[in-house]
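Both counts, for ligands and for their atoms, begin at 1 and track the order of listing.
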Amino acid sequence: MALIMETPVDALIKGEHESPPRWKKSTVVFVLGGPGSGKGTQCANLVKHFSYTHFSAGDLLRAEIKSGSQFGAMIQSMIVDGRIVPSEITVKLLCKAMEESGNDKFLIDGFPRNEENRIVFENVANIEPAFVLFFDCPEEELERRIMSRNQGREDDNIETIKKRFKVFVESTLPIISYYESKGKLRKINAAKPSEEVFEAVKVLFAS
Ligand SMILES: Nc1ncnc2c1ncn2[C@@H]1O[C@H](COP(=O)(O)OP(=O)(O)O)[C@@H](O)[C@H]1O
Ligand SMILES: Nc1ccn([C@@H]2O[C@H](COP(=O)(O)OP(=O)(O)O)[C@@H](O)[C@H]2O)c(=O)n1
Ligand SMILES: [Mg+2]
């Protein structure tokens, strides 16, 4: 459903619900890392073993483009340019997805990507992450992985990849430092083979 429609989330944002909905008391784990670091791959592994629901901010934005949303063209041009979409849009998509899922444990992948993302989510959802996973991987390896990802994504080309790396360093690394200073960061060596990365990730969810 395109975002132009009034959704239950709008009512929630306006405080029109009598009691806080279930998702507002959710356990949230943010999953961060450079483009191609394995966020989506490891979240797909995690949901097979733990009762979390996975949402990728990028996937939600791509679905919004496909839905024929009034914001579709704008979102698409920002993605092709490697830029971060206005937070109001992304946060609304995430909250709507959480609301509709019926679950209360979420892996949110590729978000928050900048300070605006983080603050708008905090203000709207009023949720602090339980912890933040950070998939650490050198840029040369990220580039190799993206160039062989073959998902037909318009932003998986060398020109956009360079822009996405720059945005990651300038806008997302400060968020990672912010969570580190709060003692919430769990850093994983994501340059290893996928199975080894998952062994390291799994431990964090087992307790
Ligand atoms: N540990 C790994 N080693 C090698 N390739 C990987 C690893 N993890 C993921 N990949 C591959 O790299 C590409 C990017 O992974 P993906 O999960 O889409 O990353 P992200 O969501 O962080 O961009 C995919 O083609 C995936 O199969
Ligand atoms: N929080 C987010 C997440 C993604 N995006 C956009 O979506 C693109 C793809 O994000 P993604 O998370 O699917 O990309 P990967 O890191 O998985 O390669 C980003 O480069 C941004 O243009 C955004 O604007 N805001
Ligand atoms: Mg991804």
For this session: Examine the proximity of ligand 2 to L61 and report which part, side chain or backbone, both or neither, has a heavy atom under 4.0 Å away.
Result: side chain

Exercise. Short list, please: which atoms of ligand 2 are under 4.0 Å from a heavy atom of R62?
Worked result: 9 (C), 13 (O)

For this session: Please tell me if the side chains of F205 and L107 come closer than 4.5 Å, counting only heavy atoms from C-beta onward.
Result: yes

For this session: Could you tell me whether R83 atom CZ has more than 12 heavy atoms of other residues or ligands within 6.0 Å of it?
Result: no

For this session: Would you mind running through ligand 2 and noting each atom that sits below 4.0 Å from a heavy atom of P35?
Result: 16 (O), 18 (O)

Problem set entry | Polar contact flag, side-chain donor to acceptor under 3.5 angstrom, S26-D104 | no

Exercise. What residue and heavy atom of the protein are closest to atom 27 (O) of ligand 1, and at what distance?
Worked result: T41 OG1, 4.2 Å

Under 3.5 Å donor-acceptor pairs involving side-chain atoms of residues 192-199, not counting sequence neighbours:
unit_1 : atom_1 : unit_2 : atom_2 : d
S194   : OG     : Q42    : NE2    : 3.4
E199   : OE2    : K202   : NZ     : 3.4

For this session: State, with a plain yes or no, whether a side-chain heavy atom of I127 is found less than 4.5 Å away from one of E122.
Result: no

For this session: Compute the shortest N/O to N/O distance between K39 and ligand 2 and return yes if it is under 3.5 Å, no if not.
Result: yes

For this session: Using heavy-atom distances, let me know which of M147, R149, E195 sits nearest atom 24 (C) of ligand 1.
Result: R149

Problem set entry | Proximity to ligand 1 by part of P193, non-hydrogen separation under 4.0 Å | backbone

Exercise. Given that the side chain starts at C-beta and the backbone is N, CA, C, O, which of these parts of R118 lies under 4.0 Å from ligand 2, counting heavy atoms, or is it both or neither?
Worked result: neither

Problem set entry | Nearest-option assignment for atom 10 (N) of ligand 1, heavy atoms, candidates R164, R145, Q151 | R145

Problem set entry | ring pair (Phe, Tyr, Trp, His ring centres under 6.0 Å) against F111, all qualifying residues, sequence neighbours excluded | F30, F121

For this session: Indicate whether any N or O donor in one side chain lies under 3.5 Å from an N or O acceptor in the other, for S51 and K105.
Result: yes

Exercise. Does ligand 1 have a heavy atom under 4.0 Å from the side chain of K192, from its backbone, from both, or from neither?
Worked result: backbone

Exercise. Taking both backbone and side-chain atoms of D109, is any N or O found less than 3.5 Å from an N or O belonging to ligand 2?
Worked result: no

